[in-house]
Amino acid sequence: MSDAVLLEIDDGIALVTFNRPDKLNALNYDLIDCLMAALDRIETDAAVRAVILTGAGERAFSAGADIHEFAGSVRRGRDTAVRDFVRRGQAMTARLEAFRKPVIAAVNGLAFGGGCEITEAVHLAIASERARFAKPEIDLGMPPTFGGTQRLPRLVGRKRALELLLTGDPFSPQRALEIGLVNRVVTHDVLLPAARELAARIVRHSPLAVGGIITAVTRGLNMGIGEGLQVESEQFAALVPTSDLGEDINAWIERRPPSYSGR
Ligand code: COA
């Protein structure tokens, strides 16, 4: 395993850092594979309750897919380009989106292309005042391929998304906040503390309830409301036999803090 992604676990929160600062944390295949491996590890570690994603160095969260590398896949033809580049990137954003522990992007700088698509896919995002976003794929003669044509319109609305996708123009963190791409903008020096504080406000709750809410919202958004209500009902039903649901209800009735077993 390379060091393209750093993983530090502290107080139940995993800090995952994209670590190619000299390349503005461009997402080469190795970095994507390392991120997936880190998520595998985090998923099975019950002590980890939330994930924060950020970028190493002073300039970038991530400048997007590694153009030098995927250009090689494109030169090898359609099947290789789709298999090595598109499927890998789509699998990464889909995994982040469906992850049952909350994933927070701490956007510390440039979030272009795939860096912006990661911000779209994760559950929550906080941007530094130094962040800068863009959908520059059109400058390369292509649509975004890590879910950007699908998630951004669902997140911010079709016309706002199309303006960003069709112009490729960079936009500010304040604009990202206005359109609902990020939850808040903070001064650069408090970015990670703000992400940790948000994570802490979530992980004080039952991990099973947190996972159920993430799954109901994420799946339901891509369905009609009837099917979405069914997903909501299934997520609740799955919690009914767990001791954590009983514990939360009893703690409320008995006016004491809950204590979770994660089962
Ligand atoms: N893929 C591969 N390498 C990248 C990259 C990317 N997406 N973005 C930046 N890099 C590399 C550059 O090649 C350069 O490496 P080098 O010093 O070995 O040549 C290094 O990161 C610094 O980037 P540079 O372009 O010199 O910085 P800049 O300040 O002049 O420009 C950007 C910053 C973000 C405007 C510019 O790097 C850029 O346009 N990147 C591509 C963004 C993009 O289109 N992403 C979507 C891809 S689908």
Side-chain angles (χ1 to χ4, degrees), residues 2-6 16-36 53-97 105-122 125 127-153 155-156 161-176 179 181-182 188 191:
S2 80
D3 61 358
V5 162
L6 306 178
V16 175
T17 305
F18 308 138
N19 188 35
R20 299 182 72 212
D22 295 347
K23 303 293 179 187
L24 304 183
N25 301 317
L27 306 166
N28 64 358
Y29 298 160
D30 178 47
L31 189 154
I32 294 173
D33 295 347
C34 287
L35 174 60
M36 295 294 259
L53 301 181
T54 198
E58 290 300 308
R59 292 201 53 206
F61 176 69
S62 171
D66 189 303
I67 298 168
H68 298 293
E69 189 172 47
F70 86 70
S73 301
V74 168
R75 280 192 287 271
R76 284 191 283 280
R78 187 172 63 182
D79 291 349
T80 307
V82 169
R83 185 191 61 224
D84 291 354
F85 171 54
V86 178
R87 293 219 180 108
R88 186 184 251 109
Q90 289 185 349
M92 170 188 67
T93 50
R95 180 129 171 77
L96 289 167
E97 182 177 45
V107 184
N108 56 303
L110 292 168
F112 280 21
C116 193
E117 287 169 304
I118 287 173
T119 310
E120 294 155 25
V122 297
S128 153
E129 284 173 343
R130 293 190 201 163
R132 192 126 184 97
F133 298 85
K135 314 287 299 176
E137 291 88 347
I138 193 160
D139 296 330
L140 298 167
M142 56 185 258
T145 53
F146 294 179
T149 63
Q150 301 305 303
R151 292 194 184 91
L152 190 66
L155 197 56
V156 307
L162 278 171
E163 183 176 347
L164 299 173
L165 290 160
L166 294 174
T167 64
D169 291 344
F171 55 102
S172 68
Q174 285 72 25
R175 182 66 184 149
I179 64 178
L181 177 59
V182 302
H188 190 72
L191 178 64

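Indexing begins at 1, ligand by ligand and atom by atom, following the structure's order. Throughout, numbering of the chain's residues begins at 1 and tracks the sequence. In what follows, every heavy atom counts, from backbone to side chain, and hydrogens, waters and symmetry copies are set aside.
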Quick check on ligand 1: any N or O pairs to the protein under 3.5 Å? One line per pair.
from, atom 1, to, atom 2, distance (Å)
ligand 1, 1 (N), Ala65, O, 3.4
ligand 1, 1 (N), Ile67, N, 2.9
ligand 1, 7 (N), Ala63, O, 3.2
ligand 1, 7 (N), Ala65, O, 2.9
ligand 1, 18 (O), Lys23, NZ, 2.3
ligand 1, 29 (O), Arg59, NH1, 3.0
ligand 1, 29 (O), Arg59, NH2, 2.7
ligand 1, 45 (N), Ala63, O, 2.9

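A heavy-atom distance below 4.5 Å is not found between the side chains of Ser2 and Asp33. Between Lys135 and Phe112 the shortest side-chain heavy-atom distance does not fall below 4.5 Å.
Every ring-ring contact (aromatic ring centres under 6.0 Å, His included) that Phe133 has, sequence neighbours left out, goes to Phe171. Every residue was checked against the salt bridge (Lys or Arg N to Asp or Glu O under 4.0 Å) condition with Glu137, not counting sequence neighbours, and none meets it.
When all heavy atoms of Ser62 and Ala26 are compared, the pair lying nearest together is OG-CA, 4.2 Å.
Each side-chain hydrogen bond (donor to acceptor under 3.5 Å, both in side chains) pair with one or both residues in residues 19-28, not counting sequence neighbours, appears once here: Arg20-Asp66.
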